[in-house]
Amino acid sequence: MRTRYIILSVLVIVLGFIAFILPEKDNSQKELQPELLHKAMIQQTRFITTDEVAHLIISEDPSFRLIDIRPEKDFNIFHLKRAINIDVKDILSAKMKKNLKESFKKNILYGYGTVKADQCWVILKRMGYKNVFVLKGGLNAWWETILNPTIPDGLETGQAVLEQYNFRLAAKEYFSSKGDSIVVEKARMELQSNEGETTGGTSDTETPEEGC
Amino acid sequence: MGPLLAQGIISPEWNYFFAFIIGIGFGFVLEQAGFSTSRKLVGLFYGYDFVVFRVFFTAAITAMLGLIFFNYFGWIDITKILVNTTYMPSAIVGGLIMGAGFILGGFCPGTSVCAAAIGKIDAMFFIAGVFIGEFILFQLYPVLEKFYHADYQGKIKVYESLGMKQGLFVILLIIVAVGAFIVTTWIESKQKKVEY
Amino acid sequence: MENKKKVVNSFLLLVIGFVFILVIGFLTMQKPDYEYTISVNDALSCILHDSDKVAPEAALKLISEDRESYRLVDLRNSYDYRTGHLDDALSIPFKDILNEDYQKLLNEEGITNLFYAESEMKAIEACFLLKQLGYKNNKVVYASYTYFTDFVLQNKQPEMSMYPDDRSKYDFDKAMN
């Protein structure tokens, strides 16, 4: 009996000592391993085209969120509809993490181009978030395809190309008319012009413009 | 099987199954250590039999070492292990009440079920007493609620509240345990043999 | 006494079993092949700055003037490389940059690798990933391979100037009005 207890005591002290010198390991924040991150980078599934984003905005799809990674003053000059501004240096802040935790929502990062947003994607992917995407081409591509779509030249033909061009024209109309604010403005002015009629004011100034 | 269930490795049904198996294992260990006799259980209080102390301390140390090593191997995630929230005043008062009940009745809740399973009638009365006590607590809950939830310290661990690292606490605890085992064995050897 | 022996045996068995599990655990722990040397919180600092980028003409000049300390690395796949590549460029396809064979080349003391690929973005991605793994001495040539073949090598200037990807190309002020 005695020897058994002595062996046990020695064993447990040795184990305790090993536990003492072991470094503490945090297994909860599992980062994506470099090989897997590398594989994910090779795939192109993270990119979303400007046409798709235009579709999502126009159809008021609630399952996505646009995140603008440019500085605040650039955001204030121009940003996509209902986008939120999280600067690149805040990409790991609590605010961003809150957005990422809602795993049912797609987060689409965009900047002026693709490169910075893509690098932000790499960081977020390394942390293990799967619901992050990148707008290919950024706002520069947005300008070139949606705000000022170019007529498809002779090199690209086919029904699909024509449809894409028509969609872009319609999207341009939607985005340049600034959506709801114009409708409200028109309604208010119509009301005013109706009132103006009874007092003999000019009421012919507002003819609603039909789309092109 | 807390961590396994939280991570979705096993379904809730398997969870109950494992709970059942572990419960049976727990009862088996208690019974074969002799914890169905109240004389052995209150021996710790009266100072003639320290088996309870040694068994539970051994279990705690085995579990502690197991968790630390398994976390290091990456087999479990130690942050997902349930840690009870600490409410200091209610913990102290609850401990005192339970200690008094233990000595008076000669059982603690777990061992009472063990003893009732082998047919001891006083254990069955003890279980009835446990239920009556809980009933009284819940009837008085509106009055006691503030005290019940006083001094919330969150899910702190002992070494955090003492301000030392986990590894240091482990080695200190083990040294204390081995020392306590030696002392209690020595005390026991000085006692008269008690009939169970 | 027999009972005691049985208890002793099963007890010993449990203890040996516990120690055995621990030993297995220690032996089966693998050291990961690749580890990030830069934590996620600091990864933001790895985002490529202007100092990591080299203009295409400057890159060619560095290669020709200082062969010992600069080296071109072609990140495109091997088929494209064989079809045509810049002189003296090393072929390391993007999908192989984590291979052990190239580890030494990509992290060499004293030699700066200049990455180029079919697009600037691929080169930037490669450099960014390697930076997080702690590799030093890698820079990105700010041009795609086709830019080299169409303009630089023929000493021509492109019609539209090469705009850095992350700056505003257009006047977005007007878009809101």
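Per chain, numbering begins at 1; letters A, B, ... match sequence-line order.
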Trainee: Donor-acceptor pair, distance only, cut-off 3.5 Å: does the side chain of A:Arg65 make one with the backbone of A:Asn99?
Mentor: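 The answer is yes, because a donor-acceptor pair under 3.5 Å joins these two groups.
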Trainee: Does the C:Asn113 side chain pair with the main chain of C:Lys139, one donor and one acceptor, at a distance under 3.5 Å?
Mentor: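 No.
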Trainee: Would you please test C:Asp66 and C:Lys61 for salt bridge (charged side-chain N to carboxylate O under 4.0 Å, His left out) and show each step?
Mentor: CA-CA 8 Å; C:Asp66 198 351; C:Lys61 209 156 79 111; over 6 Å; no
Trainee: Check for a donor-acceptor pair, side chain of A:Arg70 on one end and backbone N or O of A:Val88 on the other, with a separation under 3.5 Å.
Mentor: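 Here the side-chain-to-backbone pair does not exist.
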Trainee: Spell out the residues in residues 43-50 of chain A that have some non-hydrogen atom less than 4.5 Å away from a non-hydrogen atom of chain C, in order of number; otherwise answer 'none'.
Mentor: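 At a heavy-atom separation under 4.5 Å, chain C is reached by A:Gln44, A:Arg46, A:Phe47.
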Trainee: Are the side chain of C:Tyr147 and the backbone N or O of C:Ser119 linked by a donor-acceptor pair below 3.5 Å?
Mentor: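 The answer is no, because no donor-acceptor pair under 3.5 Å joins these two groups.
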Trainee: So for C:Asp96, is it side chain, backbone, both, or neither that comes closer than 4.5 Å to the heavy atoms of chain A?
Mentor: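 It is the backbone, since no side chain atom gets that close.
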Trainee: For C:Asp80 and C:Thr83, test the side chains for any donor-to-acceptor distance below 3.5 angstrom and give the result as yes or no.
Mentor: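 On atom types as modelled, these side chains do not qualify, holding no pair under 3.5 Å.
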Trainee: Assign the ring pair A:Phe20 / A:Phe17 to parallel, tilted or perpendicular, where the plane angle (0 to 90°) is split at 30° and 60°.
Mentor: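 Answer is tilted, since the angle falls between 30° and 60°.
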Trainee: Do any N or O atoms from the side chain of A:Asn85 and from the backbone of A:Asp68 form a donor-acceptor pair under 3.5 angstrom?
Mentor: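 Yes, the answer is positive, given that a donor and an acceptor are paired below the 3.5 Å cut-off.
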Trainee: With only heavy atoms counted, which part of C:Ile97 is less than 4.5 Å from chain A, the side chain, the backbone, both or neither?
Mentor: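 For C:Ile97, the contact with chain A is made by backbone and side chain together.
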Trainee: Do other residues, nucleotides or ligands put more than 12 heavy atoms under 6.0 Å from A:Lys105 NZ?
Mentor: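 Yes, enclosed.
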Trainee: Test of understanding: with salt bridge (Lys or Arg N to Asp or Glu O under 4.0 Å), list the residues that count as partners of A:Asp51, not counting sequence neighbours.
Mentor: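 Here the qualifying residues are A:Arg168.
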Trainee: Are C:Lys136 and C:Glu109 ion-paired here, with the side-chain N under 4.0 Å from a carboxylate O?
Mentor: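 Salt bridge absent between C:Lys136 and C:Glu109.
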Trainee: In a table with atom names and distances, give each donor-acceptor pair under 3.5 Å that connects a side chain of residues 86-94 of chain C to protein atoms at least two apart or in another chain.
Mentor:
unit_1: C:Asp88; atom_1: OD2; unit_2: C:Arg67; atom_2: NH1; d: 2.9
unit_1: C:Asp88; atom_1: OD2; unit_2: C:Arg67; atom_2: NH2; d: 3.1

Trainee: Which residues from residues 125-137 of chain A are near chain C, with near meaning under 4.5 Å between non-hydrogen atoms?
Mentor: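 Within residues 125-137 of chain A, near chain C: A:Arg126, A:Met127.
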Trainee: Chain C: which of A:Thr114, A:Ile42, A:Val122 shares the most heavy-atom pairs with it under 4.5 Å?
Mentor: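 The answer is A:Thr114.
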Trainee: Pick from A:Leu139, A:Asn148, A:Ile91, A:Asp74: which one has the most heavy-atom pairs with chain C under 4.5 Å?
Mentor: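 If we count pairs closer than 4.5 Å to chain C, A:Leu139 comes out on top.
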Trainee: Quick check on A:Ile18 against chain C: is it the side chain, the backbone, both or neither that has a heavy atom closer than 4.5 Å?
Mentor: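 Contact with chain C: side chain only.
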